[in-house]
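Worth knowing before you read on, the calculation uses all heavy atoms, side chains too, and leaves out hydrogens, waters and symmetry mates. Just so we're on the same page: letters track the sequence lines, and every chain starts at 1.
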2 protein chains.
Amino acid sequence: MVASNGDISSFLKSHGLTGTAIRKQVLSHLWGDGVALTQKEIEEKLPPATDRVTLYRTLRLFTEKGVVHKIVLDGETQKFKIAGRFRKSDHAHFYCTKCHKLLCMPQLDVDLTDLPEGFQFSSARLVVEGICDACSGKK
Amino acid sequence: MVASNGDISSFLKSHGLTGTAIRKQVLSHLWGDGVALTQKEIEEKLPPATDRVTLYRTLRLFTEKGVVHKIVLDGETQKFKIAGRFRKSDHAHFYCTKCHKLLCMPQLDVDLTDLPEGFQFSSARLVVEGICDACSGKK
DNA sequence: CTTCTTTTTGCAACATGGTTGCATTTTAAT
DNA sequence: ATTAAAATGCAACCATGTTGCAAAAAGAAG
């Protein structure tokens, strides 16, 4: 729990959501830069009695309201991450295979000038995997 | 069925696989440039009596042997596509939201020079969505 | 083309996760 | 404190991943 209860409550309110117990708990676990968890990972951090449907609905609601982003790592793994300052999850992400943090990388751009003639771009999703700066020992 | 039975049989053999009925059927539906189908879509094209476990195993085997690539479109949809000349599915793909074709776009490159210092790149997956040249009316 | 060995298939079964409906509980506003 | 609206917990259902095993099919050998 990195953020205070007040932080989380006002964060929820600012997104038009009421601050219920499970919502605060889920958010508190997702709080922090680069933290990205699967539904299962979140479930394991919650009290054992937590209903999986409620968690499912909470995450669906969060995603709908833009509170979190769903990011697909490898086709099997879906991670949830607090949306932060970006409205869409359209920008690139970097996934560190060591510390499992997922970082936004809006500076990584796809060169769409190479798109063949006649192709109309609408959206792009890019996930880069590797080792992040903290884990590579440098810096 | 775009390819002849002989084409498909030798294609299977060249990948070290025997040419059984279901394998030939699945391949025949995936044959053709840009064709990419979900497991469900393939299932619907096969005879109604087809066992879903067999199809599942067939696609798993194809993926393992590098006959097809699994490509994730939006986190929910997994499409299968004949691997073609690329050994890995690491290169970029273009998904046409009109005709639902999935095209390899190895020329689309990610500019990884923008990766911040200390970050080590290992692999990247890029899916671009939009309208393909055939559907945009041009060309 | 029959026999034999190996591979593949079909079926039953179980696990997991998405999804819905509904009654009960909680929230937040009066 | 009361009350209307929202959220939760539970049962239940469905789709799909996955395994084990016996029956069937494929390919090789004679």
Worksheet item: Of all residues at least two apart in sequence or in a different chain, which pass the ring-ring contact (aromatic ring centres under 6.0 Å, His included) check with A/F62?
Response: none
Practice prompt. Give a yes/no answer on whether the side chain of B/T18 brings an N or O atom under 4.0 Å of OP1 or OP2 in D/dA26.
Written response: no
Practice prompt. Write down the distance between OH (A/Y56) and C1' (D/dA7), rounded to a whole number of angstrom.
Written response: 16 Å
Fill in: All ring-ring contact (aromatic ring centres under 6.0 Å, His included) counterparts of A/F119, not counting sequence neighbours
B/F94
Response to the item:
Heavy-atom closest pair (B/C132 atom, B/C96 atom, distance to 0.1 Å) is N-SG, 3.4 Å
Worksheet entry | Between C1' of C/dA28 and NZ of A/K24, the distance in whole Å | 12 Å
Worksheet, complete the sentence: Note: for B/A21 and B/R60 on DNA chain D, the residue whose nearest nucleotide lies more 5' is B/R60
Worksheet item: Of the residues in residues 9-17 of chain A, which ones touch DNA chain C at a heavy-atom distance under 4.0 Å?
Response: none
Fill in: Partners passing salt bridge (charged side-chain N to carboxylate O under 4.0 Å, His left out) against A/E41 (at least two apart in sequence or in another chain)
A/K79
Worksheet item: Taking CZ from B/F80 and C1' from D/dG17, how many angstroms apart are they, rounded to a whole number?
Response: 11 Å
Fill in: Heavy-atom pair of closest approach, residues B/V35 and B/L30
CB-O, 3.7 Å
Worksheet item: Taking CG from B/L55 and C1' from D/dG17, how many angstroms apart are they, rounded to a whole number?
Response: 12 Å
Worksheet item: Rounded to the Å, how far apart are A/I22 CD1 and C/dT25 C1'?
Response: 14 Å
Worksheet entry | Between P of D/dG17 and CG of B/L59, the distance in whole Å | 9 Å
Worksheet item: Hey, does B/T20 reach any base, or is it just sugar-phosphate, or nothing, if we go heavy atoms under 4.0 Å?
Response: sugar-phosphate
Worksheet entry | Spacing of A/Q78 atom CD relative to C/dG18 atom C1', expressed in whole Å | 11 Å
Item to complete: Verify, without hydrogens or angle tests, whether A/R23 (side chain) and A/T18 (backbone) share a donor-acceptor contact under 3.5 angstrom.
Response: yes
Worksheet entry | Of A/D7, A/I22, A/L17, A/I8, the residue whose pairing with A/L27 passes side chain to side chain contact (heavy atoms under 4.5 Å, CB included) | A/I8
Worksheet entry | Spacing between B/E64 atom CD and C/dT8 atom C1', to the nearest angstrom | 14 Å
Discussion item. Which residues in residues 36-53 of chain B have a heavy atom closer than 4.0 Å to any atom of DNA chain C?
Written reply: B/D51, B/R52, B/V53
Worksheet item: Shared ILVMFWY cluster between A/I131 and A/V128, side chains joined below 4.5 angstrom?
Response: no
Practice prompt. Would you mind listing every side-chain hydrogen bond (donor to acceptor under 3.5 Å, both in side chains) that reaches into residues 95-104 of chain B, with sequence neighbours excluded?
Written response: B/Y95-B/H100
Worksheet item: Between D/dA7, C/dC22, D/dT19, which nucleotide has the shortest distance from any of its atoms to the side chain of A/R57?
Response: C/dC22
